[in-house]
Amino acid sequence: MGRHGWNTRGSGEAGAAAVHEDSAGRARLAVLALLGSILVPLVAAGLRSVLWALVGIAGLALAAVGVWWTLAHTGVVRALGVALSVTAPVAALALYATFGMLGPALLSLGLWLLAVTAARTALTPGHTASEQAVVEAPRAPWVLMNPRSGGGKVGRFDLVEKARAAGCRVALLDADQDVAELTRQAATEGADLLAVAGGDGTQALVAEVAALHDLPFVVIPAGTRNHFALDLGLDRDDPAAALEALTHGVELRIDLGYAADRVFVNNASFGTYASVVTDPAYRDAKARTTLRTLPGLLTGEDAPRLRTRADRTYVDGLQALLVSNNPYGRAVDAAHPGRRERLDSGLLGVVCVRVGNTAQAARMVRGPRPGGLIRLSAGEVVVEADTDALPVGIDGEHVVLPSPVVCRSAPGALRVRVPRRRPGTPQAGGTAADWPRVARLALGRLFPGREQHVTAV
C-alpha cells in the first residue's frame, strides 16, 4: 500500500491533528478492550480461566473435525460428522452455562473482537481508490443487460426504461450471444462509456473491453451476489441507483486480475471448488452436488493436488486455491468479513487450503500459521498440477486453462465510474493488528512530550 503520514506540525496542522487524534483514540480503545478481554475471565474464574479457554478450544477443534468428516466422507462417517460439528460447540456452551462462565466468556470474546477491529482501523485510516470528479456526462453511453441475471432483476427494477431515460443505448443479452463481441462492437461504433447489468462473470468480460479501449465502465448490480458491486460500495438493493454515476459520479482507477488471458474482477478459484462447478448438476442443485462430489475431491484418487508460486513463496499439496483481484479481508474480520478493503493495491490476494486428514482439520482452529490455511499477497501467482489442464472458476464461470496458469495483476487498468454517494464504501481494517505499534500510538497521546506522528501502511 501507499504510505501516508500525518504530523501535528507545519501547514495543515488542524487536519493532521484531527486524523492523529482519531487514530490514537482507536488505539487506546483497542488496548483497553484487549486488557478487558483478559481481565474478565480472570476476575470470574481466576487461574481456572485457562482451563475454560482450553474447553472452548477443544469444542472448536472437535467441531472442525466434524465438518471435515461431513465434507470428506459419506455414509455413517458423514452422519457422525454432522452430529459432532453440532454437539461439540453446544456441549462447550452448556459447560460454560452450568458453571456460570457463559456470560464472562461471551463478554471476553466481544471485547477481543472490538480490540482487533479498533487496532486495525487505528493503524490503517480509511482508504479509497484515487477519485477524480466526473465533469462531463457521456455523450453515447452503452449498457448491456442480462434479463435472466439475478432472477430477473432487470425487469423487476425497470432498468431498461431507466437506462434509456438516462440517455443510454441498451442491448439485451440473448443466451447464445458473445458478450465480448457485442461490447467490442459497441466500442467500435462510438460508445464513450460501457455499462453492464448482470453477474460478475458478465461484468468481467465487459470490463476487459473497457480497459482495452480506455473507456469508463459502470457496474449496475443486477446479478445474484454482486461481489464486485459490494466492494465498489454500490447499493445492491437498488440497482438503478448506479445510473447516477453517469451524471453525479466519481471515477476510480482500479486493478484487473488475469488468469492466463482471462480477466477477472473478483477471483479465480482452482482445485476443489473449480472441480465442483464443472458438474452439470451444480447450477440447479448447488448444495446437493457439492456434498456428493466433495468426498472424492478431498480424499479420493481424483483429489486435486495443486502447487503454487506466489512471487518467491512456494506452496504445494493444496486442495484448493483462490487468487483474488486484491486481497480479501479475513472471514472472521468483524470490520468487513470477506470483503476487499481496496481495489488498487496492484497485488493479488492468495488463499491456499491444505487439509488432508482429521488432525490437520483440528489444527486449523489454531489459525492459519499451522499450514491448513495460508494467506499471501503477490504480484504474480503461478498455479500448476500434474495434469495438462486445470479447471478454473473465473468470477463464478467455469473454464479450462492449460497448466501452468499464470495469474497477474494489471494495476489501474480499469476506469470505473460510481455514484458520488455510495452506502457501502469499504473502510480500513483488513490488515493484521500490530500490537506494539498500537500500544506506542495509544501511549504517545498520554505523554505530550512525544512527537505525534502516525504512518499507515
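Heavy atoms only: backbone and side chains are in, while hydrogens, waters and symmetry mates are out. Computed from a predicted structure; not experimentally measured.
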Chemist: I'd like to know whether CZ of Arg421 has more than 12 heavy-atom contacts from other residues, nucleotides or ligands below 6.0 angstrom.
Modeler: no
Chemist: Verify, without hydrogens or angle tests, whether Thr70 (side chain) and Val82 (backbone) share a donor-acceptor contact under 3.5 angstrom.
Modeler: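 Judged by distance alone, yes, a pair lies under 3.5 Å.
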Chemist: Under a 4.0 Å threshold between the charged nitrogen and the carboxylate oxygen, would Asp316 count as salt-bridged to Arg305?
Modeler: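 Salt bridge: no.
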Chemist: Side chains of Phe228 and Leu234: does their closest heavy-atom pair fall under 4.5 Å?
Modeler: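 Side-chain contact under 4.5 Å: no.
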Chemist: Using modelled atom types only, decide if a donor and an acceptor are shared between the side chain of Arg339 and the backbone of Leu230 within a distance under 3.5 Å.
Modeler: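 Looks like yes, one N/O pair under 3.5 Å.
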Chemist: Applying side-chain contact (heavy atoms from CB on, under 4.5 Å) to Tyr258 and Val406, what does each step give before you reach the verdict?
Modeler: CA-CA 8 Å; Tyr258 281 83; Val406 178; over 6 Å; no
Chemist: Return the CG to CG distance between Leu114 and Leu109, rounded to the nearest 0.5 Å.
Modeler: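 CG of Leu109 is found 11.5 Å from CG of Leu114.
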Chemist: Rounded to the nearest 0.5 Å, how far does CZ of Arg420 lie from NE2 of His248?
Modeler: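 So the NE2 of His248 and the CZ of Arg420 are separated by 8.5 Å.
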Chemist: Please evaluate residues Thr308 and Val383 with respect to the criterion side-chain contact (heavy atoms from CB on, under 4.5 Å), reporting the C-alpha separation (whole Å), side-chain torsions for both, the decisive distance (0.1 Å), and the verdict.
Modeler: CA-CA 5 Å; Thr308 186; Val383 184; 4.1 Å; yes
Chemist: Could you give the distance from CG (Leu194) to CG (Leu182), rounded to the nearest 0.5 Å?
Modeler: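 Those atoms lie 11.5 Å apart.
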Chemist: If you apply the rule side-chain contact (heavy atoms from CB on, under 4.5 Å), what do you find for Trp69 with Leu84, and how did you get there?
Modeler: CA-CA 9 Å; Trp69 286 353; Leu84 184 60; 4.0 Å; yes
Chemist: So, the side chain of Glu244 versus the backbone of Gly249: is there a donor-acceptor pair under 3.5 Å, distance only?
Modeler: no
Chemist: For the backbone of Leu173 and the side chain of Arg148, can you confirm whether one donor and one acceptor N or O come within less than 3.5 Å of each other?
Modeler: yes
Chemist: If you measure from the Lys or Arg side-chain nitrogens to the Asp or Glu carboxylate oxygens, is any gap between Glu380 and Arg408 under 4.0 Å?
Modeler: no
Chemist: Any Lys/Arg nitrogen of Glu161 or Arg164 sitting under 4.0 Å from an Asp/Glu carboxylate oxygen of the other?
Modeler: no
Chemist: In the structure I gave you, are the side-chain heavy atoms of Ser409 and Leu347 within less than 4.5 Å of one another anywhere?
Modeler: no
Chemist: Check whether any side-chain N or O of Asp192 sits under 3.5 Å from a backbone N or O of Ala140 as a donor-acceptor pair, and report yes or no.
Modeler: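 Yes, Asp192 side chain to Ala140 backbone: donor-acceptor pair under 3.5 Å.
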Chemist: Taking side chain to side chain contact (heavy atoms under 4.5 Å, CB included) as the criterion, tell me which of Ile254, Val218, Leu343 meets it with Val416.
Modeler: Ile254
Chemist: Give a yes or no on whether the backbone of Glu341 and the side-chain of Asn326 come within a donor-acceptor separation of less than 3.5 Å.
Modeler: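 Not confirmed, Asn326 side chain does not pair with Glu341 backbone.
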Chemist: Just wondering, do Glu397 and Asp200 contact through their side chains at under 4.5 Å, heavy atoms?
Modeler: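 A side-chain contact under 4.5 Å is absent here.
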Chemist: Could you go through the side-chain contact (heavy atoms from CB on, under 4.5 Å) check for Leu102 and Leu93 one step at a time?
Modeler: CA-CA 7 Å; Leu102 182 58; Leu93 290 174; 3.8 Å; yes
Chemist: Let me confirm one number: the OG-NE2 distance from Ser324 to His227, rounded to the nearest 0.5 Å.
Modeler: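 Ser324 OG to His227 NE2: 12.5 Å, rounded to 0.5 Å.
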Chemist: Any side-chain heavy atom of Asn266 within less than 4.5 Å of one from Arg340?
Modeler: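 Side-chain contact under 4.5 Å: yes.
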Chemist: Taking side chain as C-beta onward, heavy atoms only, is Asp395 less than 4.5 Å from Val265?
Modeler: yes
Chemist: How many angstroms lie between atom SG of Cys407 and atom CG of Asn267, to the nearest 0.5 angstrom?
Modeler: 10.5 Å
Chemist: Ignoring hydrogens and angles, tell me if any N or O in the side chain of Ser149 forms a donor-acceptor pair with the backbone of Ala222 under 3.5 Å.
Modeler: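 Yes.
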Chemist: Do Val250 and Arg422 come close enough that some side-chain heavy atom pair is under 4.5 Å?
Modeler: yes
Chemist: Quick one: does any side-chain atom of Asp178 pair with a main-chain N or O of Ala180 as donor and acceptor, under 3.5 Å?
Modeler: yes
Chemist: Strictly distance-based, threshold 3.5 Å: is any side-chain N or O of Ser37 a donor or acceptor partner for the main-chain N or O of Ser108?
Modeler: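 A pair under 3.5 Å: no.
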Chemist: Heavy atoms, side chains only, cut-off 4.5 Å: are Leu401 and Leu390 in contact?
Modeler: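 No - every pair of side-chain heavy atoms lies 4.5 Å or more apart.
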Chemist: Shortest non-hydrogen contact from Asp255 to Gly412?
Modeler: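 In this case the closest contact between Asp255 and Gly412 is OD1-N, 2.8 Å.
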Chemist: Is the shortest side-chain N to carboxylate O distance from Arg253 to Asp214 below 4.0 Å?
Modeler: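 Between Asp214 and Arg253 there is a salt bridge, with a charged N closer than 4.0 Å to a carboxylate O.
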Chemist: Nearest 0.5 Å, please: how far is CG in Leu306 from CZ in Phe270?
Modeler: 8.5 Å
Chemist: Do you know which two heavy atoms are closest between Pro221 and Pro239, and how far apart they sit?
Modeler: O-CG, 3.4 Å
Chemist: Is there a donor-acceptor pair closer than 3.5 Å between any side-chain N or O of Arg156 and the backbone N or O of Gly151?
Modeler: yes
Chemist: Is there a side-chain contact between Leu246 and Pro138, using heavy atoms and a 4.5 Å cut-off?
Modeler: yes
